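Input: a single structure, listed below in structure tokens.
Numbers here simply count residues along the sequence, with the first being 1. The structure presented is a predicted model; accordingly, all values stated were derived computationally and were not measured.
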Amino acid sequence: PPRADAASAPRAAPVAETPRRGSLGRGLIALATFALAVLFVAPPGGPSWPRDKLTAAGLAAYRAFGMPAALTPVEFRASDSEVLTKWFTPQFARGVVAPRLPPNTLTLLGGRITPGTMASAAFILYQDAYGGRVGLLIEPLDAPAPSKPKVRQVDGGNLVVVTDAGRGLVAIGADRDSVAELARVVY
């Protein structure tokens, strides 16, 4: 008998692939699992990027205008926080308020506009009882994750970075006690 060649043998009709059921559900579950993992792995108090950028902006402003060698530390001299707030008001859409400090703490020297993390920021300069300068950078932010104040030493200076209530704040200076006092009053 003649042998049938494999090539000439009748073939079965291909089976149509049926769509897999539940593949969309499995994708959504995988996405939800990833989102939860990101939430649990993120550092407490939200992502650190606003605070990191605020630290850099605060350091830059203090080095340029807060150091004793700065020729023009302030654009607008003011010893009254209300007068300084009125000067800042037209320059910021969301407004910046210069904090009123209790007597016998720090002396207000004035303020200026400096670069912030994403836009302009207010830089307020104070002087302590020993003649040292302490700066406060205030930048309006959209919705920063709240953080708690903590004095840190960075590049030979002391600073506190806080984000809350639509703003980022950096208190910075050489004297740790003066920075801590400013942070305590402002935050």
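Taking the side chain as every heavy atom from C-beta outward, P140 and V96 approach each other to under 4.5 Å. Counting heavy atoms from C-beta outward, L84 and I124 have side chains that approach closer than 4.5 Å. Within the 4.5 Å cutoff, the side chain of R94 has heavy atoms near those of the D142 side chain. Looking at R152 and L159, their side chains come closer than 4.5 Å, going by heavy atoms from C-beta outward. With a 4.5 Å cut-off on side-chain heavy atoms, K150 and V161 do not count as touching. Two residues are said to be in side-chain contact when any heavy atoms from C-beta on lie closer than 4.5 Å; L59 and V154 meet this criterion.
F92 and A121 get closest at one heavy-atom pair: CZ-C, 3.5 Å. V83 and A78 get closest at one heavy-atom pair: CG1-CB, 4.5 Å.
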In a table with atom names and distances, give each donor-acceptor pair under 3.5 Å that connects a side chain of residues 173-187 to protein atoms at least two apart or in another chain.
residue: D175; atom: OD2; partner: S178; partner atom: N; Å: 2.9
residue: D175; atom: OD2; partner: S178; partner atom: OG; Å: 2.8
residue: S178; atom: OG; partner: D128; partner atom: OD2; Å: 3.1
residue: E181; atom: OE1; partner: R184; partner atom: NE; Å: 3.4
residue: E181; atom: OE2; partner: R184; partner atom: NH2; Å: 2.8

Would you mind writing out the side-chain donor-acceptor pairs for residues 98-109 within the sub-3.5 Å range, not counting sequence neighbours?
residue: R100; atom: NH2; partner: E82; partner atom: OE2; Å: 2.3
residue: T105; atom: OG1; partner: P102; partner atom: O; Å: 2.6

Distance-only donor-acceptor pairs under 3.5 Å for side chains of residues 64-76, two or more places apart:
residue: E75; atom: OE1; partner: I113; partner atom: N; Å: 2.6

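In this view, R167 and D164 satisfy the salt bridge (Lys or Arg N to Asp or Glu O under 4.0 Å) rule, not counting sequence neighbours. Looking at residues two or more places apart in sequence or on another chain, you find a salt bridge (Lys or Arg N to Asp or Glu O under 4.0 Å) between R63 and D155. Listed by chain and number, the residues in a side chain to side chain donor-acceptor pair (under 3.5 Å) with R77 amount to none (sequence neighbours excluded).
With hydrophobic clusters built from ILVMFWY side chains whose heavy atoms lie under 4.5 angstrom apart, L141 does not share a cluster with L169. Tracing side-chain contacts under 4.5 Å through hydrophobic residues (I, L, V, M, F, W, Y), one never reaches V170 starting from V160; they form parts of separate clusters.
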* Under the side chain to side chain contact (heavy atoms under 4.5 Å, CB included) rule, what do T89 and W87 come out as? Steps first, then yes or no, please. => CA-CA 6 Å; T89 298; W87 183 75; over 6 Å; no
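With rounding to the nearest 0.5 Å, the separation of CG in L54 from CE in M118 is 11.0 Å.
Checked by atom type, the side-chain pair E139/T117 shows a donor-acceptor distance below 3.5 Å.
Proximity of a side-chain donor or acceptor of S147 to a complementary backbone N or O of T163 within less than 3.5 Å is detected.
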